[in-house]
There are 2 protein chains.
Amino acid sequence: MVTMRDVAELAGVSVATVSRVLSGARQVNGELAERVRDAQEQLGYRTNLLASGLRRQRTDTVGMVVPQVGNPYFSALMEAVGRRLQRVGKTVLLVDAEDDPAAEADGIHRLLDRSIDGLLAVPVDERASSAALTEAAAHVHLVQLDRAAAGVPADLVAVDHRAGIRAVVDHLVGLERRELAFVSAGPRDSTARERAKAFDEAVAATGCTAQPSRLGAYTVEWGRAAATALVDGGRLPAAVVCGNDLIALGVLAVLVEAGVQVPERVAVTGYDDIGFATLTRPTLTTVRQPIDELAAAAVGRLLHASSAEPAVPAVATDAPDPAVLAGVASPVDAAGAVDAAGAVDAADVPVAAQDAPTVQRFAPALIVRDSTPVGGPVAQRGDEVSL
Amino acid sequence: MVTMRDVAELAGVSVATVSRVLSGARQVNGELAERVRDAQEQLGYRTNLLASGLRRQRTDTVGMVVPQVGNPYFSALMEAVGRRLQRVGKTVLLVDAEDDPAAEADGIHRLLDRSIDGLLAVPVDERASSAALTEAAAHVHLVQLDRAAAGVPADLVAVDHRAGIRAVVDHLVGLERRELAFVSAGPRDSTARERAKAFDEAVAATGCTAQPSRLGAYTVEWGRAAATALVDGGRLPAAVVCGNDLIALGVLAVLVEAGVQVPERVAVTGYDDIGFATLTRPTLTTVRQPIDELAAAAVGRLLHASSAEPAVPAVATDAPDPAVLAGVASPVDAAGAVDAAGAVDAADVPVAAQDAPTVQRFAPALIVRDSTPVGGPVAQRGDEVSL
DNA sequence: CTGTTAGCGCTTTCAA
DNA sequence: TTGAAAGCGCTAACAG
């Protein structure tokens, strides 16, 4: 291994000078600097980040944990985050939680043990992920992305799922589809809980009817299983509202295989707008999450993290619900704050204490495609309705 | 930050003893050990891997670079590799090359700078990736997975693409589809080149005809573009053979949208068998790569990496081509070896010099679904044909 | 502006 | 067996 010492000797200077030249921290005599750089080049020297990190007590490295690398929504999030962090010279260490809180906790610890400067987390489970994340928050800057775990004293950047689901239901009801079925993931994570709650509220608000919700997992398999039950049960709804696109794709496949006309007999909607949503026949009406904005906001908060004032995001400012809401009360109430976020009137919320967790919500957009019928007052096919 | 020193003081022993207890390296008095463990528990001490790694000169960490985290084939590979490494106590650091050799080189350096013990790479570009990988190979154990870069002195674990493509063409020709079109990625990476070559060979061998190959990228967009050209050109082939499933999904979508009957008028095949291949209408006939076996073999080689004898893989031993081939000659010839691998008779290859790169090929399987018509001698719909 | 020196937190000789 | 001490490669005080 070639060390800084080797470079120093070859350049005929002290290691301190080498360090200064390479880090650009201090002014160094031009000629010396050149000698150092030559020597570095010649030896192919690269600084050892273990040593550097140990000494500096920072590594310019941030960790990111996602529930499932195989879910296209998360891989899109990973890509967006990665690009942004690279741009500012940070390295991202990715960890796959394999949809398992234990594996997630493990991964988080592995990251912490490597002295990351910050952590971006999409918690697997609203409760089971809390312990590991709370501990993590005690050691590094932590920002929750997309989902929140209960009681974790860390900011959350996510979209306004209530608005997203409400837009879907409004769209369907506008098309006179008034008997709905909701197929989603069980209330294990915060998005599933929020979407389920939002669905119930939307049903109540619009006065349509809904079959008992079918809650499983955010997977194609669950979508297939639920749709099979729907078809076999013989009580087809006028529309199936799905908690995410994977479920919707599973539902769609089963319905089409069973010869059910989509959207004529049954409409189907998804959530996330993953790339594959345009590849099915019919294509999938869904809710698009502004991934780049989410990534930018999360990274911004992470890098901050002292200019903690919840700046208004560059986009999505004209949402019906305030796009930015200060979190309420104490850290332990964070989950409650998340839960209530959509319901709180921003004007009533005092500027929170400096370090209280903040929730930043972005507005999603309804993307109307072929899996919902044409017509109706809310949106035409092909429309992209910003909320 | 709580250090080993804190634990030592609380336990009333020296740091050396703490280190010994925690690493389990040496025998330590039972009572002292217990005191140490209590202290650790009480303080929530975790060993600092920066310091430990710096001292030990190993980190029990391996890096993995993939061309695109968003490609489901690669995320499946990442998952399989991650699970296997976790099982043996290694941590994986994932890096996304963003399909860009420069970003890839950057990512590789970032990993090397962090003193990883080994690197698993799926090179983006057969030539442009060589420099960074060759350099990496000089510092850490390197294993190439799925793809190889030219001249890199490192083992390769991949599938026998020649056999895979040949099976597809045989299948189609067996169904009397004798006018083919090949849509794939340009010969930037080794798999694209191998598949293109295999296609040409298969066409020649079976005596069917083929339109000029349409080579772009391994993306849905390219599949769409190529299919649009095909439809607009008016010269529809009897079957479109695609270089991977993403392309095939794009082709399928465009054909179906254009009202072309699939598979009646045009059959379509993919490659990889990503999960989404079963979600389209019709479902996609494709070639499945044995991901778990690939991951196991690659990880095995990485961990090895001294028991370097090319052990016969547990599965896929009955492939028509030998599943395991020793690499030939010098490291600089590695690319040639890869290229010729399928064509070399294993019996002729002497046991290679201890450290010559080795190519380990696994047999893929043809998965017959609805995008190719029924009948024919080779495979029935629903079949899974091991090669 | 440059060099010397003292660690960062840990593992591992080397003595005791 | 245990402890003292050296040192992994680097950066940051502190002198000069």
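Below, chains carry the letters A, B, ... as their sequence lines are ordered, and counting in each starts from 1.
- Which of D:dT11, C:dC10, C:dG3 sits closest to the side chain of A:S52 comes down to D:dT11.
- Scanning all heavy atoms of the two residues, the minimum distance from A:V140 to A:L119 falls at CG2-CB, 4.0 Å.
- Residues B:V2 and A:S14 each lie close to DNA chain C; by heavy-atom proximity, the contact nearer the 5' end of the strand is made by A:S14.
- For a distance-only test at 3.5 Å, the side chain of B:R55 fails to qualify as a donor-acceptor partner of the base of D:dG9.
- Between A:T17 and C:dT2 there is no side-chain N or O to OP1 or OP2 distance below 4.0 Å.
- Among the nucleotides D:dA4, C:dC10, D:dT11, the one closest to the side chain of B:A16 is D:dA4.
- Remark on DNA chain D: of its neighbouring residues B:V15 and B:R56, the 5'-side contact belongs to B:V15, judged by nearest-heavy-atom nucleotide.
- For B:R35 and D:dT1, the CZ to C1' distance is 14 Å, given to the nearest whole Å.
- Distances shown here put every side-chain N or O of A:T3 at or beyond 4.0 Å from the OP1 or OP2 atom of D:dG9.
- What separates CZ of B:R20 from C1' of C:dT13 is a distance of 10 Å, to the nearest Å.
- Across all non-hydrogen atoms, the minimal contact from B:R147 to B:F74 is NH2-CZ, 3.7 Å.
- If you check every strand for non-hydrogen atoms under 4.0 Å, B:L32 touches sugar and phosphate atoms only.
- Across the protein-nucleic acid pair, B:R5 atom CZ and D:dA4 atom P stand 11 Å apart, rounded to whole Å.
- Listed nucleotides C:dT2, C:dT12, D:dT1 differ in distance to B:Q27; the shortest reach to its side chain belongs to D:dT1.
- The CD1 atom of B:I116 lies 12.5 Å from the CE atom of B:M64; values are rounded to the nearest 0.5 Å.
- Within the 4.0 angstrom heavy-atom criterion, only backbone atoms of the sugar-phosphate kind lie near B:T47; the bases stay farther away.
- Counting distance only, with no hydrogens placed and no angle test, the side-chain atoms of B:R26 and the base atoms of C:dT13 include no donor-acceptor pair under 3.5 Å.
- Side-chain contact, B:R114 with A:T59: no donor N or O sits under 3.5 Å from an acceptor N or O.
- Defined by atom type and a distance below 3.5 Å, a donor-acceptor pair is missing between the side-chain atoms of B:Q27 and B:R20.
- With rounding to whole Å, B:M4 atom CE is found 8 Å from C:dT11 atom C1'.
- At whole-Å resolution of the value, CG in A:L50 and C1' in C:dG9 are 11 Å apart.
- B:L43 places its CG atom 15 Å from the C1' atom of C:dG9, with the value rounded to the nearest Å.
- One interatomic measurement links the two molecules: CD of A:Q57 to P of D:dC10, which rounds to 16 Å at whole-angstrom precision.
- A straight line from CG of B:N48 to C1' of D:dC8 spans 13 Å, rounded to a whole angstrom.
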